[in-house]
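First comes the structure, then the notes that go with it.
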Amino acid sequence: MKKLFGGIHFTWPGVILFAVICGVYTGVMALIPATMDTSFRDISISFEWWILFALILIANSKSPLDSALKVFVFFLVSQPLVYLVQVPFSPDGFGLFRYYPSWFVWTLFTFPMAFVGHYMKKDKWWGLLILAPILVFLGYHYTGFLKEAVSFFPNHLLSAIFCAVTLILYPLVLFQDKKIRLAGLVISLVILVAMSVIGIAGRHSAVYSTELMSSGSETAGVEFDDTYQVRLADEAYGSVSIIYEDSLQCYMIHADFTKTGQTQLVLESPTGEQYVYDLTIYRYSYDVERRQ
């Protein structure tokens with residue numbers, strides 16, 4: 001581990017190759033349908049892995065300028081590649097690059113951040129002041145993933161574990177002084193405990209609420225009102241109810257999902273006639289189809 005954080009000689013071709021590998025891998029993970037709502041796709045959305053990549057480059061830099069240039073070029077190459085890999089397989093084509101500007105802004109910020117970050121190698125107390133915002137930012141990611149994992153288990157569980165492990169790891173591998181390492185470890189543990197409490201306490205806010213179908217729609221295949229009953233075959237997936245939408249002037253089935261997976265939606269008329277629908281729940285979407 002020490003070799004990874006300070007024992008690698010990164011040449012410029014090595015930096016470019018590293019960027020290409022990371023960019024292509026991230027683009028592929030964003031393409032594979034099976035990675036939807038899993039930790040494997042998180043690398044294309046959030047920062048925890050990119051923090052690791054940047055710190056590896058910083059830890060193996062020779063000077064503040066060397067650190068800044070190599071991290072900047074790494075992001076300048078890898079981030080467009082994430083979208084370029086997806087272009088041939090996406091209906092949006094090059095329209096995917098509309099998501100790139102925000103990542104380009106982050107890329108610009110990597111130059112001064114990596115320049116300052118190099119000074120962590122001086123192994124001084126103020127190095128913790130440089131690392132602390134990174135640890136807090138990583139803790140923010142951790143609590144988000146933990147909330148998702150608790151509410152929609154096991155979604156994003158691996159990402160939560162990764163954030164927790166790297167939170168503890170970074171002070172131990174970036175500093176040599178035992179007192180600084182201990183202080184950094186204490187900071188990481190405090191962040192980890194605090195964010196765990198926030199993540200677990202806020203798990204209910206991760207519920208996915210949506211309207212499944214309207215009365216008389218093609219999906220429903222039946223006119224229904226509030227005299228009908230509706231339920232999920234497995235209530236562990238959440239709850240459903242019939243509501244009246246004033247703006248649309250029609251009845252709708254409202255759902256509050258608490259996890260992803262497959263179950264059935266059962267709609268029952270006042271006379272006992274049942275309409276059963278196959279329901280697949282994703283984190284932010286769903287598929288519903290009436291059984292024949």
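This one's a predicted model, so the numbers in the text were calculated from it and none came from an experiment. All heavy atoms count here, side chains included; hydrogens, waters and symmetry mates do not.
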Flag if over 12 foreign heavy atoms under 6.0 Å of CD, Gln249: no
Closest heavy-atom pair and its distance - Ser209, His254: CB-CE1, 4.1 Å
Thr38 backbone acceptor or donor facing Thr35 side chain under 3.5 Å: no
4.5 Å side-chain heavy-atom contact, Pro64 and Ser67: no
Greater than 12 external heavy atoms within 6.0 Å of Glu268's CD: yes
In one Ile/Leu/Val/Met/Phe/Trp/Tyr side-chain cluster, 4.5 Å: Ile134, Tyr119: yes
Glu235, CD atom: more than 12 neighbouring heavy atoms under 6.0 Å: no
Which atom of Val85 lies closest to which atom of Val24, heavy atoms considered: CG2-CA, 3.9 Å
Ring geometry between Trp49 and Phe53 (parallel below 30°, tilted from 30 to 60°, perpendicular above 60°): tilted
Approximate separation, where rounding is to 0.5 Å, of Phe257 CZ and Ser239 OG: 9.0 Å
Heavy atoms from other residues, nucleotides or ligands near OH of Tyr99 exceed 12 (cutoff 6.0 Å): no
Working for side chain to side chain donor-acceptor pair (under 3.5 Å), residues Asp66 and Ser61: CA-CA 6 Å; Asp66 183 58; Ser61 62; 4.8 Å; no
Thr271 versus Ser269, side-chain donor and acceptor atoms under 3.5 Å: yes
CA sep, side-chain torsions, deciding dist, call: Leu76, Phe72, side chain to side chain contact (heavy atoms under 4.5 Å, CB included): CA-CA 6 Å; Leu76 192 64; Phe72 175 73; 3.9 Å; yes
Co-membership, hydrophobic cluster, residues Met36 and Leu96, 4.5 Å side-chain: no
Same apolar cluster: Tyr100 and Leu108, side chain cutoff 4.5 Å: yes
Taking every non-hydrogen atom, the tightest pair across Tyr277 and Val222: OH-CG1, 3.8 Å
Full working for side chain to side chain contact (heavy atoms under 4.5 Å, CB included) between Asp225 and Ile242: CA-CA 7 Å; Asp225 55 27; Ile242 296 175; over 6 Å; no
Heavy-atom side-chain proximity of Tyr244 to Asp226 below 4.5 angstrom: no
OG on Ser215 to CD1 on Ile253, rounded to 0.5 Å: 9.0 Å
Minimum side-chain heavy-atom gap Tyr170-Ile51 below 4.5 Å: yes
Side-chain donor-acceptor contact under 3.5 Å, Asp42 with Ser159: yes
Interatomic distance, Leu167 atom CG to Leu169 atom CG [nearest 0.5 angstrom]: 10.0 Å
Connected via hydrophobic side-chain network under 4.5 Å: Ile161 and Leu146: no
Whether Tyr282 side chain and Asp287 backbone form a donor-acceptor pair below 3.5 Å: no
Heavy-atom pair of closest approach, residues Leu135 and Pro171: CD1-CG, 4.3 Å
Between OH on residue Tyr208 and OG1 on residue Thr258, distance to nearest 0.5 Å: 13.5 Å
Donor-acceptor contact below 3.5 Å, side chain Asp123 vs main chain Asp177: yes
Closest contact, heavy atoms only, Leu4 versus Asn60: O-ND2, 2.9 Å
Thr260 side chain to Asp37 side chain, donor-acceptor N/O pair below 3.5 angstrom: no
Heavy-atom check, side chain of Ile243 versus side chain of Glu211, under 4.5 Å: yes
Full working for side chain to side chain contact (heavy atoms under 4.5 Å, CB included) between Trp103 and Val82: CA-CA 11 Å; Trp103 281 98; Val82 173; over 6 Å; no
Centroid separation Trp106 to Phe47 less than 6.0 Å: yes
Note, Trp12 side chain near Val73 side chain (heavy atom, < 4.5 Å): yes
Donor-acceptor side-chain pairing of Ser196 and Tyr142 below 3.5 angstrom: yes
Check: Arg231 side chain, Val266 main-chain N or O, donor-acceptor pair, under 3.5 Å: no
Side chain Ser90, main chain Val87, donor-acceptor under 3.5 Å: no
Backbone N/O of Gly95 and side chain of Arg98: donor-acceptor pair under 3.5 Å: yes
Heavy atoms of other groups near Phe137 CZ, more than 12 under 6.0 Å: yes
Nearest atoms (heavy-atom pairs only) where Lys121 meets Ala59: NZ-O, 3.2 Å
Test item: Met213 and Leu265 side chains (from C-beta on) under 4.5 Å apart, heavy atoms: yes
Donor-acceptor under 3.5 Å (Lys70 side chain, Phe10 main chain): yes
From CD (Gln79) to CG (Leu84), nearest 0.5 Å: 12.5 Å
Side-chain donor/acceptor of Ser46 to backbone N/O of Glu48, under 3.5 Å: no
Within 6.0 angstrom of Phe40 CZ, more than 12 heavy atoms from elsewhere: no
Any donor-acceptor N/O pair, Tyr286 side chain to Leu212 backbone, under 3.5 Å: yes
Non-hydrogen side-chain atoms of Leu172 and Phe5 separated by less than 4.5 Å: no
Check: Tyr251 ring centroid to Phe224 ring centroid under 6.0 Å: no
Nearest-0.5 Å distance that lies between atom OG1 in Thr143 and atom CD in Glu148: 10.5 Å
Transitive ILVMFWY side-chain link Val173 to Trp50, under 4.5 Å: yes
Sub-4.5 Å side-chain heavy-atom contact between Phe175 and Leu185: no
Arg290 (side chain) donor-acceptor with Tyr275 (main chain) under 3.5 angstrom: no
